[in-house]
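Within every chain, numbering begins at 1; the chains are lettered A, B, ... in the order of the sequence lines, protein sequences first and strands thereafter.
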Protein chains: 2
Amino acid sequence: MSRIASPAELSPERETVDTIIRGDCVAALEALPDRSVDVVFADPPYNLQLSGGLQRPDQSHVDAVDDEWDRFASFEAYDAFTRAWLLACRRVLKPTGTIWVIGSYHNIFRVGATLQDLGFWILNDVVWRKTNPMPNFRGRRFQNAHETMIWATRDRDARGYTFNYEALKAGNDDVQMRSDWLFPICTGGERLKDENGRKVHSTQKPEALLARVLMASSKPGDLVLDPFFGSGTTGAVAKRLGRHYVGIEREQAYVDAAAARIAAVEPLGKAELQVMPGKRSAPRVAFTVLLESGLVAPGTVLHDARERYAAVVRADGTLVANGEAGSIHKTGARVQGLDACNGWTFWHFRTPEGRLAPIDELREVVRREMAKAG
Amino acid sequence: MSRIASPAELSPERETVDTIIRGDCVAALEALPDRSVDVVFADPPYNLQLSGGLQRPDQSHVDAVDDEWDRFASFEAYDAFTRAWLLACRRVLKPTGTIWVIGSYHNIFRVGATLQDLGFWILNDVVWRKTNPMPNFRGRRFQNAHETMIWATRDRDARGYTFNYEALKAGNDDVQMRSDWLFPICTGGERLKDENGRKVHSTQKPEALLARVLMASSKPGDLVLDPFFGSGTTGAVAKRLGRHYVGIEREQAYVDAAAARIAAVEPLGKAELQVMPGKRSAPRVAFTVLLESGLVAPGTVLHDARERYAAVVRADGTLVANGEAGSIHKTGARVQGLDACNGWTFWHFRTPEGRLAPIDELREVVRREMAKAG
DNA sequence: ACCCTAATTGAATCATCAT
DNA sequence: TATGATGATTCAATTAGGG
């Protein structure tokens, strides 16, 4: 199922979808065409000031020294590395695409500032609260019980990015999804182990986290890029949710583990993957269509829900209230003394049973008719 | 009780304790001696970049932060401002002192990176989760339900900073305090209002938040500095908790309001200066969590208790019945022809033993898991 | 005094399409 | 690219007011 490739085999002209590219992230990204990716999910290394030392953008090793100048130099090197991979991701991101980056306080502030400097526009920071974080053993700090994700568009004025607001709300007891998410860390059967029972990757992310990220910000069939693929959680969840993926990973051991893992994933069926659409994506229906189809007769009197206002429907699809005519929206706004109004939900008609119902219900009737007719 | 001073009256030699200094933060800090402050709590301007107005769905106007003090020409200008006040704070901070800075995604990444650049050493980032955040009115993003605080020492190898680990743990059901805190925003009687009933300051912080900050990272008698004093929450809480304070504030109106507020504060007796337990989080479980955690698989068919109705679970956390999708509650209501329905108790799944059980049982499983995180 | 409903409000980077 | 029309969109808490 998932192909493994080295950068040399790939070019923007060749198919890279559902592939793990082995190699350095910036170099490997050259194999991807401009503006081809819908969502980037990145879990970059933050081996900052730690025993492992720091890598330059060219992956050469920086000697860890505790001098003042070196500390500065180290942050600079990390920033340069961050700039390089973020710029490469930005090139391959569609104008309507979004990027997620996850990190901890060691690196997330530098990543966030760099994102802003490069022109990305932050939509949210989202906190992953861990149900079962590692305790603080020394008792010298608060238990580090969360990580931070930044969600951003490519550009400040980006329009048309995917956010499945309605579906998230419907799955969240009908209240909108907040910026703090609670999930367990990755343990148990989900955690990849090698033949000696040791964990394959030190920071394997839980699939539940990626599932919410991808359900929120992508559509079935979208292309998801993970430039630090690691154990392949992004690929596994993308495949299960009917999204395409490209993963980039330097270490052969991770590549192999991820490929095997993804191969075992069974994608969900089309029906289960349908995302609940919001009204925004529904076809537009003009008020005149209700008249033309006989659902509303000229001369009908419409009211607001509490019958404080009234208006009469004219044959041309306008409403008249207090002697002035206008669209359902304009008239609704005018009678209330407001700037704007959604006439579809404001104006009500009386049903045969005597109930007062919004004309939006009639629009729904029309939409169902339209759907049947194709 | 609290003295108000202009910088000209002050010098490092004169006593500045329990004083509000009116003036620019960097200039006013020159009045303070080197290494004299135990804790800095800073709530700098967030550099919100609001383009236009915002209306609620009912067309009422959202009173946004449009204060002059929050306007910066560019990220560069904001960074220069941040460097300047952080450097000034660093000079007056004791080698054993710590600094807190609060912000949102608009500014906190730049603040955090600057802290690191200047040599501060981050101990934790702490998330303030709001019980009652403002909604996202247009449904284009996640509800912005938290702010971030960074807690840092003056230097990388700082020793001897105050962290009342045992006291915090004792007040937290004997488990160590996590990095995610839950508090309501500042409203009601605590919120300072002017004679017209309008809020005095657009971003007044809750006293509970400051109380936990100061109880965690300071001792009675310590000196707490707030370089952006605003309505004086830091001073009020410091006085109540038996800490000394210095506040710096540019605007006379804020200075006056803060002075009056602090004057009315009654300090607690020594015996009462114990940690207050945090409010436990309200256990809300989204249906999507059952999917994300694998307790329910997409495609599962749910029934009511008597199997008169059926619905299919989709990956986005919605149910489909008779071709229409919606939340567990909405769908349960629709199939019964009712206005409302508790989907958790209405919809049932078949257990491995063949028993029909409400999905509420699965929610209980998740709740037990989540309870660990508060 | 009490209950129920309505109104108000909070650090917010909050639309899209046709012309 | 700018303008105007259409029409999509809110949660928790407190406070005020009516009965």
Side-chain angles (χ1 to χ4, degrees), chain A residues 116 120-125 151-153 156-161 163 165-166 169 172-179 278-287 306 317 326-330 332-333 339-347 358-360 363, chain B residues 43-67 69-72 75 78 102-108 128 130-148 184-191 193 197-199 201-206 228 230 282 284:
Chain A
Q116 292 179 314
F120 289 96
W121 193 248
I122 298 177
L123 294 168
N124 283 109
D125 59 336
W151 182 42
T153 54
R156 171 164 188 165
D157 295 312
R159 299 275 174 259
Y161 63 87
F163 180 52
Y165 175 81
E166 288 283 347
K169 184 175 169 178
N172 191 41
D173 270 10
D174 291 319
V175 293
Q176 57 183 209
M177 187 67 77
R178 295 168 47 112
S179 57
K279 277 188 180 170
R280 281 188 182 89
S281 57
R284 293 212 166 188
V285 174
F287 183 63
R306 282 193 262 161
S327 70
I328 55 172
H329 311 297
K330 282 275 148 60
D339 288 337
C341 167
N342 183 345
W344 290 108
T345 50
F346 178 75
W347 292 112
I359 56 175
D360 204 30
R363 183 169 63 162
Chain B
D43 182 11
Y46 286 8
N47 190 25
L48 260 42
Q49 295 164 50
L50 306 174
S51 40
L54 180 64
Q55 251 88 264
R56 296 189 178 82
D58 65 3
Q59 303 300 322
S60 65
H61 174 76
V62 176
D63 185 18
V65 175
D66 54 359
D67 305 79
W69 48 254
D70 196 43
R71 284 197 275 272
F72 294 85
F75 283 134
Y78 188 79
I102 185 167
S104 66
Y105 66 84
H106 312 85
N107 72 322
I108 198 65
W128 167 28
K130 304 179 184 184
T131 58
N132 50 349
M134 190 185 295
N136 183 289
F137 295 115
R138 309 307 288 261
R140 298 299 297 151
R141 304 177 177 199
F142 299 99
Q143 182 183 31
N144 203 355
H146 74 277
E147 294 189 24
T148 301
I185 61 174
C186 182
T187 57
E190 189 185 322
R191 187 90 198 209
K193 305 269 171 60
R198 282 186 300 242
K199 55 192 178 195
H201 194 281
S202 55
T203 71
Q204 186 180 338
K205 295 293 176 287
F228 305 97
R284 161 169 259 145

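The distance between atom CG of B/Leu54 and atom C1' of D/dT9, rounded to the nearest whole Å, is 10 Å. Note: NE2 (B/His146) to C1' (D/dC11) measures 17 Å, nearest angstrom. B/Gln59 places its CD atom 13 Å from the C1' atom of D/dT6, with the value rounded to the nearest Å. To the nearest angstrom, C1' of D/dC11 lies 10 Å from CZ of A/Arg178. In this structure, B/Arg138 atom CZ and C/dT16 atom P are separated by 9 Å, rounded to whole Å. Rounded to whole angstrom, the span from the CZ atom of A/Arg159 across to the C1' atom of C/dC14 amounts to 9 Å. Nucleotide D/dT6 holds its C1' atom 13 Å from the CZ atom of A/Arg280, rounded to whole Å. Protein atom CZ of A/Phe163 is 13 Å distant from nucleotide atom P of C/dT16, rounded to whole Å.
A/Tyr161 carries B/Arg140 over the face of its six-membered ring, with the cationic atom under 6.0 Å from the centre and within 45° of the normal.
Counting non-hydrogen atoms under 4.0 angstrom, B/Gly52 reaches a base of the nucleic acid. The residue B/Arg140 sits close only to the backbone: its heavy atoms come under 4.0 Å of sugar-phosphate atoms, none of a base. Across all strands shown, B/Asn136 has heavy atoms under 4.0 Å from base atoms, whether or not it also approaches the sugar-phosphate. Nucleic acid contact for A/Gly332: none, since no nucleic acid atom lies under 4.0 Å from a heavy atom of the residue. Using a 4.0 Å heavy-atom criterion, one finds that A/Ser327 contacts the sugar-phosphate atoms exclusively. Base engagement by A/Ile122 is indicated by at least one non-hydrogen atom pair under 4.0 Å involving a base atom.
Comparing the P positions of C/dT16 and D/dT10 gives a spacing of 15 Å, expressed to the nearest Å. Separating the P atom of C/dA18 from that of D/dA8 is a span of 14 Å, rounded to the nearest Å. To the nearest whole angstrom, the two P atoms, one in D/dA12 and one in C/dC14, are 22 Å apart. Across C/dA1 and D/dG17, the matching C1' atoms stand 15 Å from one another, rounded to whole Å.
Neither OP1 nor OP2 of D/dT6 sits under 4.0 Å from any side-chain N or O of A/His329. Phosphate contact (OP1/OP2 of C/dA15, side-chain N/O of A/Tyr161, threshold under 4.0 Å): absent. Proximity of A/Lys169 to the phosphate of D/dT10: a side-chain N or O atom is located under 4.0 Å from OP1 or OP2. A sub-4.0 Å separation between OP1 or OP2 of D/dA8 and a side-chain N or O of A/Asn342 is present. Within the structure, a side-chain polar atom (N or O) of A/Arg363 is placed less than 4.0 Å from OP1 or OP2 of D/dA8.
Across all non-hydrogen atoms, the minimal contact from B/Trp128 to B/Pro184 is CZ2-O, 3.7 Å. Between B/His106 and B/Asn47, the shortest heavy-atom contact is CB-O, 4.1 Å.
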Distances under 3.5 Å only, N/O to N/O: pair up the protein atoms with those of nucleotides 7-11 of chain C.
residue : atom : partner  : partner atom : Å
C/dG10  : OP2  : B/Lys199 : NZ           : 2.7
C/dG10  : O5'  : B/Lys199 : NZ           : 3.1
C/dG10  : N7   : B/Arg56  : NH2          : 2.6
C/dG10  : O6   : B/Arg56  : NE           : 3.1
C/dG10  : N2   : B/Pro133 : O            : 3.3
C/dA11  : OP2  : B/Arg191 : NH1          : 2.8
C/dA11  : OP2  : B/Arg191 : NH2          : 3.4
C/dA11  : OP2  : B/Ser202 : O            : 3.2
C/dA11  : N7   : B/Lys205 : NZ           : 3.2
C/dA11  : N6   : B/Pro44  : O            : 3.0
C/dA11  : N1   : B/Tyr46  : N            : 3.0

- line: Given Watson-Crick and G-U pairs under 3.5 Å, DNA chain C in dot-bracket ([ ] crossing, | other strand) is .|||||||||....|||||
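Formation of a donor-acceptor pair under 3.5 Å by the A/Lys330 side chain with backbone atoms of A/Ile328 is not found in this model.
Listed candidates were D/dT9, C/dA12, D/dA5. Nearest to the side chain of A/Lys330 is D/dA5. The B/Leu50 side chain lies nearest to C/dA12 when the options are D/dT9, C/dT16, C/dA12.
Distance check: A/Asn172 CG to B/Gln143 CD gives 9.5 Å after rounding to the nearest 0.5 Å. Here the straight-line distance linking atom CG of B/Asn144 with atom CE of B/Met134 works out to 10.0 Å at 0.5 Å rounding. Annotation: the span from B/Asp43 atom CG to B/Phe228 atom CZ amounts to 8.5 Å, rounded to 0.5 Å. The CE atom of A/Met177 sits 7.0 Å away from the CZ atom of B/Phe142 when rounded to the nearest 0.5 Å.
With a 6.0 Å radius and a threshold of 12 heavy atoms from other residues, nucleotides or ligands, A/Asp339 has its CG atom at or below the threshold.
The pair A/Glu166-A/Lys279 fails the salt-bridge criterion, with no side-chain N (NZ, NE, NH1 or NH2) lying under 4.0 Å from an Asp/Glu carboxylate O.
Ring-plane geometry between A/Phe287 and A/Trp344 is classed as perpendicular, the angle between the planes exceeding 60 degrees on a 0 to 90 degree scale with a lower cut at 30.
Residues A/Val175 and A/Ala286 each lie close to DNA chain D; by heavy-atom proximity, the contact nearer the 5' end of the strand is made by A/Ala286.
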